[in-house]
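Single-structure report; data block below.
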Amino acid sequence: MIKNKKLNIWDINTFKKNIFITTTPKQTRNLGEKFAVVLKKGDIVLLKGGLGSGKTTFTQGVVRAFRNKGFANSASFTLVNEYNANGATRLFHMDLYRLQPSNVWDIGIEEYLYSDNISLIEWPDRLVGIENYSQWNIEIENIGLERKIKIDKIK
Ligand SMILES: Nc1ncnc2c1ncn2[C@@H]1O[C@H](COP(=O)(O)OP(=O)(O)OP(=O)(O)O)[C@@H](O)[C@H]1O
Ligand SMILES: [Mg+2]
C-alpha cells in the first residue's frame, strides 16, 4: 500500500502538496497512474531525483493511465518519447540527463513543451528557466528500500 496522509482520495487536492512513500516499483507505478488523472493539456511535470530513484518508473504509471500499449522505455538515448495519450492530447516523456545545462530556448524542445500537450521531464535542471513554465514538481528520494515522493503543484 502507498503510504500517505490522505489515503483513498485521489483528486487534485491529494496531489497539490503531498508526500507519498512507496516500497516497490509497482507502488510507484500505481502512484503515477493515480497522478495522471489530474494532468491537463499543457501541463509540464518536472521529475527530480538521483539516478535510479524512480522517475521513469513513475512515468510508466502515467503512461499506463493514458492507456498506451506498453511501458515507457528509458529515454536516455533519445530525447523525447511520445505517446498518443487519449486521442487529441499527446504525452511527451523526456530524459535530459545527457544534455549539458542549456537555455530552454536553445535546444529545440520548446515546441514540445509549449504545444498544449503534456510533458514529463527527467533531469529538468538541464533546462535553465523551465521551472517558470511548469505546473508540477515531483522529487523522489531514496530512503533505504523506500522512495519518498514529494509532489507539489507549482503553478
Ligand atoms: N519504491 C520504488 N519505486 C521505484 N523504483 C524502485 C522502488 N524500489 C526499487 N526500485 C528500483 O529502482 C529503480 C528505479 O529506476 P528508474 O529507471 O525508474 O529510475 P530513474 O529515476 O528514471 O533513473 P535515471 O535518472 O537513471 O533515468 C528500478 O530498478 C526499480 O526496480
Ligand atoms: Mg529514468
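Numbering of residues begins at 1 and proceeds along the displayed sequence. Both ligands and their constituent atoms are indexed starting at 1 by order of listing.
With ligand atoms numbered from 1 in the order given, ligand 1 contributes 19 (O), 20 (P), 21 (O) to contacts under 4.0 Å with heavy atoms of Ser53. Within ligand 1, counting atoms from 1 as listed, the ones closer than 4.0 Å to a heavy atom of Trp123 are 25 (O). Below 4.0 Å from some heavy atom of Thr24 lie the following atoms of ligand 1, by number and element: 1 (N), 2 (C), 3 (N), 7 (C).
When heavy-atom distances to ligand 1 are checked against a 4.0 Å cut-off, Glu122 comes that close only through its side chain, counted from C-beta outward. At a heavy-atom distance under 4.0 Å, only side-chain atoms of Asp95, from C-beta outward, approach ligand 1.
Contact detail for Ala65 and Glu33: the closest heavy-atom pair is CB-O, 3.6 Å. Listed here is the closest heavy atom pair of Lys55 and Lys48: CD-C, 3.8 Å. Of all heavy-atom pairs spanning Ile44 and Leu113, the tightest one is CD1-O, 3.6 Å.
Val37 and Ile151 are assigned to two separate hydrophobic clusters, defined by single-linkage of ILVMFWY side chains at heavy-atom distances under 4.5 Å.
In the candidate list Gly52, Gly49, Gly32, Gly52 is nearest to atom 24 (P) of ligand 1, counting heavy atoms. Between atom 1 (N) of ligand 1 and the options Leu51, Thr59, Thr22, the minimum heavy-atom separation is to Thr22.
In terms of polar-atom proximity, defined here as any N/O pair under 3.5 Å, Arg147 does make such a contact with ligand 1.
At a cut-off of 2.8 Å, Thr59 does not coordinate the Mg ion (ligand 2) through any N, O or S atom. Within the 2.8 Å limit, Glu122 places at least one N, O or S atom next to the Mg ion (ligand 2).
Classification of Glu82 and Arg90 as a salt-bridged pair holds, one side-chain N sitting under 4.0 Å from a carboxylate O.
Aromatic ring pairs are classed by plane angle as parallel below 30°, tilted from 30° to 60° and perpendicular above 60°; the pair Phe58 and Phe35 is tilted.
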Can you check ring pair (Phe, Tyr, Trp, His ring centres under 6.0 Å) on Phe15 and Trp136, steps first, answer last? CA-CA 9 Å; Phe15 291 106; Trp136 294 94; 7.0 Å; no
